[in-house]
Chemist: 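One structure is given below, represented as structure tokens, and several questions about it will come after.
Being a predicted model, the structure only gives us computed values, none of them experimental. Values reported hereafter were calculated over all heavy atoms of this structure, with side chains retained and with hydrogens, waters and symmetry mates removed.
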Amino acid sequence: MSTIQVLVLIGSDSDAPVMQAAVDLLEKLGIRSEMTVASAHRSPRRLARILEQAPSRGVQLFIVGAGAAAHLAGVVAAHSVKPVIGVPIDSSALKGLDALLSTVQMPPGVPVATVSIGRAGAVNAGVLAAQILGVSDPAIAGRLETYKKSLEDKVERAAAGLTSGARN
């Protein structure tokens, strides 16, 4: 097994297209990650094995995406002292609201940092993971600063494009 910094867990393979945004951002920032499927309800023994192996693999934090009842992030947080970032997935008739409420409402002592529903949440989970890791890793912090600057530059280009097209 390879050494990874961030383990991205998804409750179903149908969550992979959304959560790939987190994996892609982590890769862009030079953070080693891996995504795998483990259901809190349908494969609890698989999840237990993954969590048991995580420390020896170098996992420093978890990003967990799940829809509907979305208990996966909470179960991970209950079994680990590493930070857990939950991404609610829009995969039910309730458009992700059920997943958001399941992910954000954790009992005292079992926190899950929860981001927004869907792809934007997956991207923000990757950014938050980089911010957490960047506290103790100046190289990651530097790459994150470059990423944030690219966001600023994109807005400046968009504003300049609108301004140059404006008519008086």
Side-chain angles (χ1 to χ4, degrees), residues 1-137 140 144 147:
M1 284 186 258
S2 61
T3 300
I4 57 172
Q5 294 167 284
V6 178
L7 183 55
V8 179
L9 295 172
I10 54 177
S12 169
D13 62 349
S14 63
D15 301 333
V18 171
M19 295 304 292
Q20 188 63 43
V23 173
D24 291 345
L25 183 63
L26 292 168
E27 182 179 328
K28 181 177 185 171
L29 296 174
I31 297 170
R32 295 178 314 279
S33 70
E34 178 182 293
M35 180 166 49
T36 192
V37 178
S39 171
H41 303 116
R42 295 181 303 269
S43 65
R45 285 189 295 268
R46 174 174 168 69
L47 179 59
R49 279 192 314 272
I50 289 168
L51 295 175
E52 183 179 302
Q53 295 168 353
S56 65
R57 297 193 64 206
V59 173
Q60 296 176 38
L61 64 87
F62 298 90
I63 296 176
V64 182
H71 293 133
L72 185 56
V75 171
V76 171
H79 290 278
S80 179
V81 296
K82 301 295 184 182
V84 177
I85 303 169
V87 181
I89 304 291
D90 176 7
S91 64
S92 72
L94 296 177
K95 308 283 189 231
L97 182 58
D98 49 349
L100 173 64
L101 295 175
S102 294
T103 305
V104 78
Q105 294 187 25
M106 294 300 300
V110 190
V112 172
T114 307
V115 294
S116 60
I117 298 168
R119 186 179 187 289
V123 171
N124 282 341
V127 172
L128 182 56
Q131 289 173 325
I132 292 168
L133 295 173
V135 167
S136 62
D137 187 326
I140 291 174
L144 185 57
Y147 170 75

Chemist: For the atom pair CG (L29) and CD1 (I140), what is the distance rounded to the nearest 0.5 Å?
Modeler: 8.5 Å

Chemist: Which atoms form the tightest heavy-atom contact between S39 and G11, and what is the distance?
Modeler: CB-O, 3.8 Å

Chemist: So, taking the atom named CG in N124 and the one named CZ in R119, what distance separates them when rounded to the nearest 0.5 Å?
Modeler: 10.5 Å

Chemist: Please give me the minimum heavy-atom distance between A22 and A122, naming the atom from each residue.
Modeler: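 Nearest pair, atom of A22 first, then A122: CB-O, 3.2 Å.
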
Chemist: Considering non-hydrogen atoms only, spot the tightest contact between G65 and I89 and give its length.
Modeler: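 The answer is C-CG1, 3.9 Å.
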
Chemist: So which of V6, I85, L51, V112 actually passes side chain to side chain contact (heavy atoms under 4.5 Å, CB included) with F62?
Modeler: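 One option only clears the test, and that one is L51.
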
Chemist: Nearest 0.5 angstrom please: D137 CG to L144 CG, how far?
Modeler: 11.0 Å

Chemist: Step through the shown structure and confirm whether more than 12 heavy atoms of other residues, nucleotides or ligands are within 6.0 Å of CD on Q131.
Modeler: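 It does: Q131 CD has more than 12 such atoms within range.
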
Chemist: Please report the interatomic distance CZ(R57) to CD(E52), rounded to the nearest 0.5 Å.
Modeler: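 Going from the CZ atom of R57 to the CD atom of E52 covers 13.0 Å.
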
Chemist: Hey, mind stepping through H79 and L47 against side chain to side chain contact (heavy atoms under 4.5 Å, CB included) and telling me if it holds?
Modeler: CA-CA 10 Å; H79 290 278; L47 179 59; over 6 Å; no

Chemist: Looking at every heavy atom in both S33 and L26, which two are closest together, and how far apart are they?
Modeler: CB-CD1, 3.7 Å

Chemist: Exactly one of I10, L9, L7 should register a side chain to side chain contact (heavy atoms under 4.5 Å, CB included) with M35. Which one does?
Modeler: I10

Chemist: Quick one: CZ on R32 to CD1 on I4, what's the gap to the nearest 0.5 Å?
Modeler: 9.0 Å

Chemist: Just to verify, what does S92 make a side-chain hydrogen bond (donor to acceptor under 3.5 Å, both in side chains) with, not counting sequence neighbours?
Modeler: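 Listed in chain order: D98.
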
Chemist: Would you mind listing every salt bridge (Lys or Arg N to Asp or Glu O under 4.0 Å) that reaches into residues 81-95, with sequence neighbours excluded?
Modeler: none

Chemist: State, to 0.1 Å, how close S102 and A68 come at their nearest heavy-atom pair, and which atoms those are.
Modeler: OG-O, 4.0 Å

Chemist: Look only at the side chain of R46 and the backbone of V37, and say whether a donor-acceptor pair between them is shorter than 3.5 Å.
Modeler: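 Yes.
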
Chemist: Could you pull out the closest heavy-atom pair between A125 and V87, with the gap in Å?
Modeler: CB-CG2, 3.6 Å

Chemist: With sequence neighbours excluded, tell me which residues meet side-chain hydrogen bond (donor to acceptor under 3.5 Å, both in side chains) with Q20.
Modeler: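 For Q20, the residues satisfying side-chain hydrogen bond (donor to acceptor under 3.5 Å, both in side chains) (neighbours in sequence not counted) are D24.
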
